[in-house]
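Note that this is a predicted model, so its numbers are computed, not measured. Scope of the values below: all heavy atoms of this structure, side chains included, with no hydrogens, waters or symmetry mates.
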Amino acid sequence: MTSVISKDLHASVPAVALTIAGSEATGGAGAQADLKTFQELGVFGIANLTCIVSFDPKNEWNHRFVPVDQDVIAHQIEATTAAYGAASGAPSVLDTVKIGMLGSPATISTVTSALNSGAFSNVVLDPVLICKGQEPGHALDTDQALKAQILPLATFITPNHFEAESLSGLEITDVASLKVAAVRIHELSGAAVLAKGGVRLAGPDAVDVYYDGETLEVLSAPKVGEVAVSGAGCSLAAAVTAELAKGATPLEAARTAKDFVTAGIRNRVASGAPFDALWQGGPR
């Protein structure tokens, strides 16, 4: 009887996904947004924290950035992969990870080592290339390390307008140039790309471009306001991650993520900060 119950329980175990990202104190972005997205999409979410970010309301809401100790980051990943990784014996194997804010070259090296030994089939990179308020020289070093070490390991990349320009080396002014940038980023990385135009491009629609080396598809939805919403990029990448963990194709994951984020922006959460936050429960 015990074995029958055990089998039944295992049959209902959800897919598992990991986010390696920063904690964002207001709950709108970062690991908090990732975990809420995973939960809404029926995936058991795990967060390994790389840094603590809290906006400074006395200084134009710049980031106050505190890195997590490198040993602590490594220990989190070690514990997670031991519990759910390929060799763990867990009924639902962890093979899908989202990479969010890393914040320093040291953290990038630590996470790179973990990815190289973690047997992840799906590595979704939300390429956070700048931290508002961060010292420019440090930010540049971090950007270069991310491109050199993490980008080659990614299987799916979700750059926003600024990040797509940085990664592709192109100026993006319209949907046509966003398409060219998506193709260029794929050629550089080999990964599927969902390049986000969002509210940055003129016109009534928020347009993103998907490209995987074979399929190029424009994903479009009417804009909801003209201002970017906190957590939209994190949630998009997290939704892609959740869908891949459940077995969706990259294109299916992109389409679902676009719909998920559009609904979350439509049902945004206002606060006393000068920005709104995406509500992951919006699609309900």
Side-chain angles (χ1 to χ4, degrees), residues 19-21 29 34 96-103 105 108 111-112 115-116 120-131 139-203 205-221 228 232-244 248-258 260-261:
T19 177
I20 301 176
D34 295 343
T96 303
V97 59
K98 178 208 160 182
I99 307 299
M101 178 175 280
L102 300 180
I108 288 167
V111 172
T112 298
L115 294 179
N116 282 328
F120 292 103
S121 301
N122 303 306
V123 178
V124 180
L125 174 61
D126 184 10
V128 182
L129 294 179
I130 191 166
C131 182
L140 179 60
D141 290 344
T142 300
D143 292 356
Q144 291 175 339
L146 187 76
K147 293 173 184 176
Q149 297 180 54
I150 302 292
L151 190 67
L153 302 177
T155 62
F156 199 119
I157 306 171
T158 62
N160 63 21
H161 181 269
F162 168 80
E163 293 156 355
E165 287 191 328
S166 178
L167 292 173
S168 68
L170 302 171
E171 183 181 8
I172 300 170
T173 57
D174 52 22
V175 176
S177 53
L178 186 63
K179 290 178 181 179
V180 176
V183 171
R184 176 73 60 84
I185 295 168
H186 168 76
E187 291 172 346
L188 292 171
S189 65
V193 178
L194 183 56
K196 299 172 286 186
V199 297
R200 306 297 181 189
L201 299 183
D205 295 332
V207 177
D208 305 328
V209 171
Y210 172 87
Y211 183 68
D212 61 10
E214 296 181 358
T215 300
L216 189 149
E217 183 166 318
V218 175
L219 306 179
S220 181
C234 300
S235 298
L236 185 81
V240 168
T241 304
E243 292 303 301
L244 292 175
T249 67
L251 180 56
E252 290 169 342
R255 290 169 175 166
T256 299
K258 176 69 172 181
F260 180 86
V261 167

**OP:** Identify the residue among Ile150, Leu146, Asn116 that makes a side-chain contact (heavy atoms from CB on, under 4.5 Å) with Val111.
**Re:** Ile150

Original post:
OG of Ser168 to CD of Glu187: how many Å apart, nearest 0.5 Å?
Top reply: 11.0 Å

Original post:
Can you find a pair of side-chain heavy atoms, one from Thr112 and one from Leu153, that are under 4.5 Å apart?
Top reply: yes

Subject >> Shortest non-hydrogen contact from Leu167 toward Leu151 >> reply: CD2-CD2, 4.2 Å

Subject >> Heavy-atom closest pair, residues Asp212 and Glu214 >> reply: OD1-N, 2.9 Å

Original post:
Of all heavy-atom pairs between Ser189 and Ile157, which one has the smallest distance, and what is that distance?
Top reply: OG-CD1, 3.4 Å

**OP:** Measure the spacing between CG of Leu102 and CD of Gln149 and express it to the nearest 0.5 Å.
**Re:** 10.0 Å

Subject >> Sub-4.5 Å side-chain heavy-atom contact between Val183 and Lys179 >> reply: no

**OP:** Quick one: list whatever passes side chain to side chain contact (heavy atoms under 4.5 Å, CB included) with Ala221, sequence neighbours left out.
**Re:** Lys258, Thr262

**OP:** Quick one: closest heavy-atom pair of Pro159 and Leu194, and the distance?
**Re:** CD-O, 3.4 Å

**OP:** Measure across Val209 and Ala182 and return the closest heavy-atom pair with its distance rounded to 0.1 Å.
**Re:** CG1-CB, 3.9 Å

Original post:
Should the pair Phe156 and Tyr210 be assigned to parallel (<30°), tilted (30 to 60°) or perpendicular (>60°) ring geometry?
Top reply: tilted

**OP:** Verify, without hydrogens or angle tests, whether Ser166 (side chain) and Phe162 (backbone) share a donor-acceptor contact under 3.5 angstrom.
**Re:** no

Subject >> Under 3.5 Å donor-acceptor, Thr241 side chain and Val97 backbone >> reply: no

**OP:** Check Thr19, Thr158, Leu125, Ile20 against Lys98 for a side-chain contact (heavy atoms from CB on, under 4.5 Å) and give me the one that passes.
**Re:** Thr19

**OP:** Could you tell me whether a side-chain N or O of His161 sits under 3.5 Å from a main-chain N or O of Ile172, the two making a donor and an acceptor?
**Re:** yes

Original post:
Is a side-chain donor or acceptor of Glu163 paired with a backbone partner of Asn160 at a separation under 3.5 angstrom?
Top reply: yes

**OP:** Any pair with a residue in residues 164-174 that passes salt bridge (Lys or Arg N to Asp or Glu O under 4.0 Å), sequence neighbours left out, goes on the list, sorted by first then second residue, please.
**Re:** none

**OP:** Would you name the heavy atoms of Gly197 and Asp208 that are closest together and state the gap between them?
**Re:** N-OD1, 3.3 Å

Original post:
If you round to the nearest 0.5 Å, how far is CG of Leu201 from OG1 of Thr173?
Top reply: 8.0 Å

